[in-house]
Visitor: 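Please read through the structure below; I'll follow up with questions.
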There are 2 protein chains.
Amino acid sequence: MSPRAGIVLDDIIRVAAEIADANGLQEVTMANLAKRLLIKSPSLYNHISGLPELFNRLTLLALENFYAELKQATLGLEKKEAIHALSQSYIEFARNHPGLYELTIEAPNPKQKDIVHMADKIIALITEVLSPFHLAEENLIHAIRGFRSLLHGFAFIDLKGGFGMPVDIDQSFTFLVDAFLRGLKE
Amino acid sequence: MSPRAGIVLDDIIRVAAEIADANGLQEVTMANLAKRLLIKSPSLYNHISGLPELFNRLTLLALENFYAELKQATLGLEKKEAIHALSQSYIEFARNHPGLYELTIEAPNPKQKDIVHMADKIIALITEVLSPFHLAEENLIHAIRGFRSLLHGFAFIDLKGGFGMPVDIDQSFTFLVDAFLRGLKE
DNA sequence: AAGATAAAACTAATATCATTAGTTTTATCT
DNA sequence: AGATAAAACTAATGATATTAGTTTTATCTT
């Protein structure tokens, strides 16, 4: 064991994730982390170089968890079923982890190889579930971009409470995915 | 004229909009505004109550401009043409005014009646262009939500530079809108 | 033309951040 | 029992938003 027991890096990241999802990314501050960990904020610098590193690590964690859930959701499924499962899983992650989800959609810093890699894996997963449509080169890219767009757009507006009408939100989501898939077939 | 000439509220809002679009929302600070207006930051409080009011006013300006451009784009057009024109105008506003666009998609504070009103007008416009599809009640809501989602999702990912493949982005956008419209017809 | 007015600017101060430097504390190892 | 190392700490700096109080100055009144 180390000369003196105290918090470890993972404690910081874990609490940061909790704050991000419960109170919003803007509440993830050195001051708030220190309060929750019952230490003074300068002590955090014994474990992490500052807020930029914290957000990088939090983004990586978010992408890993997001990927794992999406992957899990599609296991053993094919075609339309796989697409709907991935879509549903996508929306649920955003709802359950609004703070982490926001981090997953920010443009990754190209220097952060690990982050770029995880972001690429998510796009590869989306590509996989779209592959049964046998789209020609450019159309496949169009379809991937379109699918990513509607997933994120719906998740985002939903998160912000932008769907106010008294109509079931999940049904609207299924409607959207179905409409897009029908449109793809032609 | 007033007892002593200086800046006026509109100067602050105008410069705030410039900074928002050129440097990002996070650069819209009292400190930066004061620098650009060649005054000290406390002097700004002679004209505005603080950052919250500034962002409220900036959001209203953004929504007004956004609505005006969307409306203008659809004038005299019908059906598919109107939808494509509105879509194209949507993406262009986001590209030309990334800072203002971000403000238009935040959930409006329900207490800000004027902001809510403008946001509603934009949704009404989207509803209008979708009306030729003669969708039944719930399906109309689904379609509106879906269309808003794909517009925002595409605009957002585009803004963040998330479409990296060497395939024309505007073609992808047209592909997405067309696919959705085809899907709506069934 | 001189003084009053009002609204603009200002300085000074407080509070909250992130961060750095330097000091103290303390669990473990020798 | 003392050395070590890494954790905690305090103190300080610089950026931010904001408030309070003072000064400046263009216009209006007499």
Side-chain angles (χ1 to χ4, degrees), chain A residues 1-62 99-100 102-103 106 109 111-112 115, chain B residues 1-62 99 102-103 106 109 111-112:
Chain A
M1 207 180 179
S2 69
R4 185 178 172 182
I7 64 161
V8 292
L9 180 54
D10 278 353
D11 293 327
I12 298 179
I13 307 301
R14 179 177 42 76
V15 171
E18 288 169 13
I19 295 174
D21 286 337
N23 308 105
L25 281 183
Q26 75 291 341
E27 294 297 312
V28 177
T29 63
M30 296 305 249
N32 282 338
L33 285 168
K35 270 179 212 144
R36 287 274 292 262
L37 290 162
L38 304 178
I39 58 178
K40 307 292 176 176
S41 65
S43 303
L44 292 167
Y45 292 83
N46 286 321
H47 307 277
I48 199 161
S49 65
L51 276 182
E53 184 187 345
L54 175 70
F55 279 104
N56 280 338
R57 288 182 183 276
L58 203 53
T59 300
L60 184 59
L61 174 76
L100 294 186
E102 265 195 62
L103 289 175
E106 284 300 313
N109 179 342
K111 286 179 190 164
Q112 297 287 319
I115 290 179
Chain B
M1 208 181 178
S2 69
R4 184 179 171 181
I7 65 161
V8 292
L9 181 54
D10 279 352
D11 294 327
I12 298 178
I13 307 300
R14 179 176 42 76
V15 171
E18 288 169 12
I19 295 174
D21 287 337
N23 308 104
L25 282 183
Q26 75 291 340
E27 294 297 312
V28 177
T29 62
M30 296 305 248
N32 281 337
L33 285 168
K35 270 178 212 144
R36 288 273 294 258
L37 290 162
L38 305 177
I39 60 179
K40 307 292 176 176
S41 65
S43 303
L44 292 166
Y45 293 83
N46 287 321
H47 306 277
I48 198 159
S49 63
L51 276 182
E53 183 187 345
L54 176 69
F55 279 103
N56 280 337
R57 289 183 182 277
L58 203 53
T59 300
L60 184 59
L61 174 76
E102 264 194 62
L103 290 174
E106 284 301 312
N109 179 341
K111 285 181 190 163
Q112 297 286 321

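Here the structure is a predicted model, which means the values were calculated and not measured.
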Visitor: Taking only residues two or more places apart in sequence, or in another chain, which ones meet T29(A) in a side-chain hydrogen bond (donor to acceptor under 3.5 Å, both in side chains)?
Guide: N32(A)
Visitor: Starting at atom CZ of F55(A), determine the distance to atom C1' of dT19(C), rounded to an integer number of angstrom.
Guide: 15 Å
Visitor: Just grab all the side-chain hydrogen bond (donor to acceptor under 3.5 Å, both in side chains) pairs involving residues 40-49 of chain B, residues at least two apart or on different chains.
Guide: S49(B)-E53(B)
Visitor: Rounded to whole Å, please give me the gap between CD in E27(B) and P in dT16(D).
Guide: 9 Å
Visitor: Evaluate L37(B) against L44(B) for side chain to side chain contact (heavy atoms under 4.5 Å, CB included), listing each step before the verdict.
Guide: CA-CA 9 Å; L37(B) 290 162; L44(B) 292 166; 4.0 Å; yes
Visitor: Taking only residues two or more places apart in sequence, or in another chain, which ones meet D21(B) in a side-chain hydrogen bond (donor to acceptor under 3.5 Å, both in side chains)?
Guide: H97(B)
Visitor: Who are the salt bridge (charged side-chain N to carboxylate O under 4.0 Å, His left out) partners of E27(A), not counting sequence neighbours?
Guide: none
Visitor: Which pairs pass salt bridge (Lys or Arg N to Asp or Glu O under 4.0 Å) with one or both residues in residues 6-16 of chain A, sequence neighbours excluded?
Guide: D11(A)-R14(A), R14(A)-E18(A)
Visitor: Base, backbone or nothing for each nucleotide of nucleotides 8-17 of chain C, written B, S, -, heavy atoms under 4.0 angstrom, 5' to 3'?
Guide: BBBBB----S
Visitor: Take atom CD of Q26(A) and atom P of dA18(C), then tell me their distance rounded to the nearest Å.
Guide: 13 Å
Visitor: Rounded to whole Å, how long is the line connecting atom OH of Y45(B) with atom P of dA17(D)?
Guide: 7 Å
Visitor: Looking at CG of L100(A) and CG of L61(A), how far apart are the two atoms once the value is rounded to the nearest 0.5 Å?
Guide: 6.0 Å
Visitor: What pairs with E106(B) under side-chain contact (heavy atoms from CB on, under 4.5 Å), at least two apart in sequence or on another chain?
Guide: F156(A), K160(A)
Visitor: Can you check the L33(B) CG to dT18(D) C1' distance for me, whole Å?
Guide: 14 Å
Visitor: Given Watson-Crick or G-U pairs with both distances under 3.5 Å, what dot-bracket string fits DNA chain C, with | for other-strand pairs and [ ] for crossing?
Guide: ||||||||||||||||||||||||||||||
Visitor: Mind calculating the distance between CD (E53(A)) and P (dA18(C)) to the nearest angstrom?
Guide: 15 Å
